[in-house]
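Treat the numbers as computed from the prediction; the structure is a model and nothing was measured. Along the sequence shown, residues are numbered consecutively beginning with 1.
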Amino acid sequence: MAQEKPKTSSWWRTQGGAVECTVSFGTSGAGTAFIHGNKLIVDVTTALTAEAAAMAITTPIAMRVLDVTLVRNGGGAATIDVLNGVGGTSITGGASAALSGDTDVVRATELDDAAYDVAKDAVFSITAGSATFAGLIIIDFIPGT
């Protein structure tokens, strides 16, 4: 029996049991979003610029957000905020996820318990507060009700 060719990390993120989410962008940026296990992985491949409604991700399930991690793939300082709904309440406490330079990895400093429950078919709104951002936004969650 022939051995199967190993899968790449990109294949696992996008095809290895992942569920694709609907993503829309503002005036800049491009990328994809997938739920894989208990993580919503947002892969921003073309940089978001500073704008209030940089992108929106529709969730196919209800979830309670437990953590938000940013992995920047390059560029200068940036501040990212994750909101429950378009123009909604900040889950990350008002842009508390700030990157200071190139290839940073940071976690949100706080989560707001008034906003961390996201309904099925609701929208996560991502804002880019300053500079540009390209990389991964990883949202850890447990299924909601």
**Q.** Over all atoms of both residues, closest heavy-atom pair of Ala115 and Ser90
**A.** CB-O, 3.7 Å
Q) In chain order, what residues pass the side-chain hydrogen bond (donor to acceptor under 3.5 Å, both in side chains) check against Thr59, with sequence neighbours excluded? A) none
Q | Partner set under side-chain contact (heavy atoms from CB on, under 4.5 Å) for Ala33, not counting sequence neighbours | A | Cys21, Val23, Leu40, Val42, Ile57
Q: Kindly indicate whether the side chain of Asp81, heavy atoms from C-beta on, has any atom under 4.5 Å from the side chain of Ile126.
A: no
Q. Should Ile138 and Val105 be counted in the same cluster of Ile, Leu, Val, Met, Phe, Trp and Tyr side chains packed under 4.5 Å apart?
A. yes
Q. Could you give all pairs that pass the salt bridge (charged side-chain N to carboxylate O under 4.0 Å, His left out) test and reach residues 53-66, with sequence neighbours left out?
A. Arg64-Asp117
**Q.** Rounded distance (nearest 0.5 Å) linking atom OG1 of Thr127 with atom CG of Leu48
**A.** 9.5 Å
Q) What distance do Phe133 atom CZ and Thr79 atom OG1 have between them, rounded to the nearest 0.5 Å? A) 11.5 Å
(Q) Starting from Leu83 and following side-chain heavy-atom contacts under 4.5 Å between hydrophobic residues (I, L, V, M, F, W, Y), which residues can be reached? (A) none
Q. How would you list, by chain and number, every residue that makes a salt bridge (Lys or Arg N to Asp or Glu O under 4.0 Å) with Asp140, sequence neighbours excluded?
A. Lys39
Q. Does any N or O in the side chain of Thr45 come within less than 3.5 Å of the main-chain N or O of Ala30, such that one atom is a donor and the other an acceptor?
A. yes
Q. Which distance, rounded to the nearest 0.5 Å, do you find between the OG1 of Thr22 and the CD of Glu20?
A. 7.5 Å
Q | Ser28 side chain to Thr49 backbone, donor-acceptor under 3.5 Å | A | yes
Q: Side-chain contact test, heavy atoms from C-beta onward, threshold under 4.5 Å: evaluate it for Val118 versus Phe141 and give yes or no.
A: no
(Q) If you compare all heavy atoms of Ala108 against all heavy atoms of Thr92, which two are closest, and at what distance to 0.1 Å? (A) CB-CG2, 3.7 Å
**Q.** Reference residue Val106; test side-chain contact (heavy atoms from CB on, under 4.5 Å); the match among Leu70, Ile80, Val68
**A.** Leu70
Q) Are side-chain heavy atoms of Asp43 and Phe34 found at a separation under 4.5 Å? A) no
**Q.** Derivation of the side-chain contact (heavy atoms from CB on, under 4.5 Å) call for Phe124 and Val65
**A.** CA-CA 11 Å; Phe124 278 109; Val65 175; 3.7 Å; yes
**Q.** Partner set under side-chain contact (heavy atoms from CB on, under 4.5 Å) for Val123, not counting sequence neighbours
**A.** Ala56, Thr58, Val86
Q. Considering residues at least two apart in sequence or located in another chain, which fulfil the side-chain hydrogen bond (donor to acceptor under 3.5 Å, both in side chains) criterion with Asp67?
A. Arg107
Q. What closest approach, in Å, do Pro60 and Ile35 show between heavy atoms, and which atom pair accounts for it?
A. CD-CD1, 3.7 Å
